[in-house]
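Remarks on the structure that follows.
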2 protein chains.
Amino acid sequence: MSTIKDVAKLANVSIGTVSRFINGYKIKQENSLRIEEAIEQLNFKSNPMARGLRTNKTLTIGVLIPRITDVFCTQVIEGIEEILNPLNYGIVICSANDNLEQQTEKLSYLREKFVDGIIVMPVTSSEFEADEIVNRGIPIVLVDRLVKGYEFDAVICDNVNGAYSAVEMIINKGHRKIAVIGGPEEIFTAQERLTGYLRALNDYNIEVKEEYILHSPYTKNGGIQAINQLLDLEDPPTAIFTTNYPITVNSMKVLMERNLVMGEAISLCGYDQTELFQMFNPPVSVVVQPSREIGIHAAEILLKRMSDDQSRFPHIQRLKTQLIETESVKSMI
Amino acid sequence: MSTIKDVAKLANVSIGTVSRFINGYKIKQENSLRIEEAIEQLNFKSNPMARGLRTNKTLTIGVLIPRITDVFCTQVIEGIEEILNPLNYGIVICSANDNLEQQTEKLSYLREKFVDGIIVMPVTSSEFEADEIVNRGIPIVLVDRLVKGYEFDAVICDNVNGAYSAVEMIINKGHRKIAVIGGPEEIFTAQERLTGYLRALNDYNIEVKEEYILHSPYTKNGGIQAINQLLDLEDPPTAIFTTNYPITVNSMKVLMERNLVMGEAISLCGYDQTELFQMFNPPVSVVVQPSREIGIHAAEILLKRMSDDQSRFPHIQRLKTQLIETESVKSMI
DNA sequence: TTGTAGGCGTTATCAC
DNA sequence: GTGATAACGCCTACAA
């Protein structure tokens, strides 16, 4: 492997000049040409570790997500890549495996790796431990969820109005018995979505019934118990708003098992994962989050912070969701 | 940020001793204790760049996949993480975005990042450019596909027998008019799956009909044209073997649009993505690849090569697939 | 077992 | 503009 020393020798200049050339400083054109040629000939690539040792920059950012197999997460990553790859940033991806302990672990792992910045989609909104990272001055941008106890830049969705639009649509189709399967009460997005549900009912003067409001863990099997509970009610709802992907999927599964046709016997509106849900018959109404854009914005904010621009901190950016309306919600009118 | 120098001062030993302590060499217990305490107190973390500069190791491996939003890819990554994270390896993930040019680009990007090893799932089986990486002695392990022109370690699936088992099952259910929608002829896995199809027909003495063999690109919209073409045949097949995920998905979509019930009017057997396909009614028969295991094995082989164990090169490991049999293939008997 | 010192490949600060 | 040179933090002979 050749170094700037070799380049300098071949080009007959000092290593200082080569370094300056590489970093885009002014150089006599004659030297510039010779250096360029030498670099080409030696196939020289500057050593990122040596550079990092001097500059304290790794040109690497860390991305910590709850789970790498989650489509929403990977779409966010795609957005991040879109911005950061052209700038030659490397992206170290860590998955917390839906596990708070691992999240803390990976977070401190990223710190030890000396990444220049971190984008985190927290597992939950509570229990976030990032003092050391903050102290070291490594910028963090949150994605999708805020956390308690810290002020960070963040890119999140307008969950309140996302949920509101869904419930409003259900109401407008003539439903009055509308249930919701929300997420765990400690999760930020879950709280917001529930707020949207309540606000819509309220705005349309529909009585809120306790038994129509259920909570379910945000796990792979979430929602199964809840939907069964709803269907078993003496006075079951005519429409159900399922507030995340697994809950929606599992609810559909239960409906099928019970031979209840979605959009006929019972109406359903879900969240996320539009592509998949549009394959069903009928397609599923869903609130869609602009996942890729979330990644793009998060990367842009992080870039700004990494270049030491601390203006408008904390910059909390809220993106709008989109409602896809299909026959999975029956018109009662 | 504290350095071993600070630790040395605080512990009243030389930096050499501290370094030796960190790297697990023998040390007088008394010193060992004091160093440990000093490290704790200063919250010392050794600087990976300084270390890397000396040792020429980054403790980082690169993973290059066709597309980060592909579930198969992320499951492979999950397997890789399972092995490499406990060993403190960082994983830099690059997506080629299904694009050969980007694959080459990212590959050389990884080289410039001085990763210790690379796991690649190639976009196609042809056109792979890795001379520089090979020359630098950075080990590469292929996943899912082999490439022309290079000998690399690899972890792949037994596509021939995977496809064979699917077609055999279809035959055993009494079908004789069996079509296949294969992938592009230059893709390794596509070739193998087609071979499996042909071999099964052959073994069961079923005539191979040209018009039942179609090729489709391995892209997001793959298969749409092909399945339509098959359904429009004068003598259409009674069963179709769709050889990857998008082709299967899109075929199902077309069936729905045409009001053909899967498992009744037409039988279908697909590939990959079992979880999703099991949600449909009827669930879809599929050949399942052990994606997570692929990642695990690839990481293990890479680890071996990175520790300079060159035995049994090239180590090409073939994993078996599993067939999930459902009513999406109608029994004609 | 320990301390000392040289060097890994860069960048940055001097003089010139 | 350029060349010489001192860091950056760590590892590793080498000598003690």
Side-chain angles (χ1 to χ4, degrees), chain A residues 1-39 42-60 88 90 111-116 136-138 307-308, chain B residues 1-36 38-39 42-60 88 90 111-116 136-138 308:
Chain A
M1 214 48 193
S2 46
T3 71
I4 51 170
K5 221 168 171 174
D6 305 319
V7 176
K9 203 177 296 175
L10 189 59
N12 240 314
V13 291
S14 75
I15 59 169
T17 308
V18 176
S19 174
R20 279 185 285 263
F21 170 83
I22 290 168
N23 292 288
Y25 292 88
K26 257 215 144 71
I27 287 246
K28 213 199 285 180
Q29 183 165 12
E30 187 195 321
N31 288 333
S32 173
L33 285 170
R34 284 217 311 284
I35 293 174
E36 201 160 8
E37 201 176 327
I39 287 179
L42 295 169
N43 189 22
F44 164 82
K45 308 284 177 200
S46 79
N47 184 319
M49 287 173 290
R51 164 178 285 173
L53 182 57
R54 274 303 309 223
T55 60
N56 264 310
K57 291 269 167 284
T58 51
L59 268 187
T60 299
N88 254 298
R111 181 177 61 89
E112 286 167 28
K113 272 277 172 187
F114 284 53
V115 294
D116 296 338
R136 288 261 295 115
I138 302 172
S307 69
D308 267 327
Chain B
M1 214 50 194
S2 46
T3 71
I4 51 170
K5 221 169 171 174
D6 305 320
V7 175
K9 203 176 297 174
L10 189 60
N12 239 314
V13 292
S14 73
I15 59 169
T17 309
V18 177
S19 173
R20 278 185 284 263
F21 170 83
I22 290 169
N23 293 289
Y25 291 89
K26 259 215 146 71
I27 286 243
K28 213 198 285 179
Q29 184 167 9
E30 187 195 319
N31 289 332
S32 174
L33 286 171
R34 285 216 313 285
I35 292 175
E36 202 160 7
I39 286 178
L42 295 169
N43 189 22
F44 164 82
K45 308 286 177 199
S46 81
N47 183 318
M49 288 173 290
R51 164 179 283 173
L53 183 57
R54 274 300 310 228
T55 60
N56 264 310
K57 292 267 168 284
T58 52
L59 269 188
T60 299
N88 254 297
R111 181 177 60 89
E112 287 166 27
K113 271 274 173 190
F114 284 54
V115 293
D116 296 339
R136 288 260 295 114
I138 302 172
D308 268 327

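Residue numbers start from 1 in every chain, and the chains themselves are labelled A, B, ... in the order their sequence lines are given, proteins ahead of strands.
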Once you round it to whole Å, what is the distance between P of C:dT11 and CG of B:Leu53?
12 Å
Are B:Asn47 and A:Phe114 close enough that some pair of their side-chain heavy atoms sits under 4.5 Å apart?
yes
For B:Lys113 and A:Thr60, which I'm curious about, is there any donor-acceptor pair between the side chains at under 3.5 Å?
yes
To the nearest Å, give me how far apart CG (B:Asn12) and P (C:dG3) are.
9 Å
When the distance from CD1 of B:Ile35 to C1' of C:dG3 is rounded to whole Å, what number comes out?
12 Å
Answer whether the closest heavy-atom distance between the side chains of A:Met1 and A:Lys45 falls below 4.5 Å.
yes
Could you tell me if the side chain of A:Ile22 sits less than 4.5 Å from the side chain of A:Phe44, heavy atoms only?
yes
Contact list for DNA chain D against residues 16-25 of chain A - heavy-atom distance below 4.0 Å
A:Thr17, A:Arg20
Send over the distance from A:Lys9 NZ to C:dG9 C1', rounded to a whole Å.
14 Å
Do other residues, nucleotides or ligands put more than 12 heavy atoms under 6.0 Å from the NZ atom of B:Lys9?
no
Heavy atoms only: give me the nearest A:Asn43-B:Arg111 pair and the separation to one decimal.
ND2-NH1, 4.4 Å
Heavy atoms only: give me the nearest B:Ser32-B:Ile27 pair and the separation to one decimal.
N-CG2, 3.6 Å
Hey, does the side-chain of A:Arg54 have a donor or acceptor N/O within less than 3.5 Å of a partner on the base of C:dT11?
yes
Residue closer to the 5' end of DNA chain C, B:Val13 versus A:Ala50 (nearest nucleotide):
B:Val13
Identify whether any heavy atom of A:Phe44 sits under 4.0 Å from a base atom; if not, whether one sits that close to sugar-phosphate; answer base, sugar-phosphate or nothing.
sugar-phosphate
What is the minimum heavy-atom distance between B:Val18 and B:Ile35, and which atoms define it?
CA-CD1, 4.0 Å
Reckon B:Ser14 has a side-chain N or O less than 4.0 Å from the OP1 or OP2 of C:dG3?
yes
Integer-rounded Å distance: C:dT11 C1' and A:Met49 CE:
16 Å
Nucleotide of C:dT4, C:dT2, C:dT10 approaching A:Ser46 most closely (side-chain heavy atoms)
C:dT10
Atom pair NZ (B:Lys57) and CZ (B:Arg51), whose distance is rounded to the nearest 0.5 Å:
12.5 Å
At 4.0 Å (heavy atoms only), tell me whether A:Asn31 reaches a base, stays on the sugar-phosphate, or touches nothing.
sugar-phosphate
For DNA chain D, note the earliest and the latest nucleotide, 5' to 3', having some atom under 4.0 Å of a heavy atom belonging to chain A.
D:dG1 to D:dG9
Rounded to whole angstrom units, what separation is found between the CG atom of A:Leu42 and the C1' atom of C:dG9?
15 Å
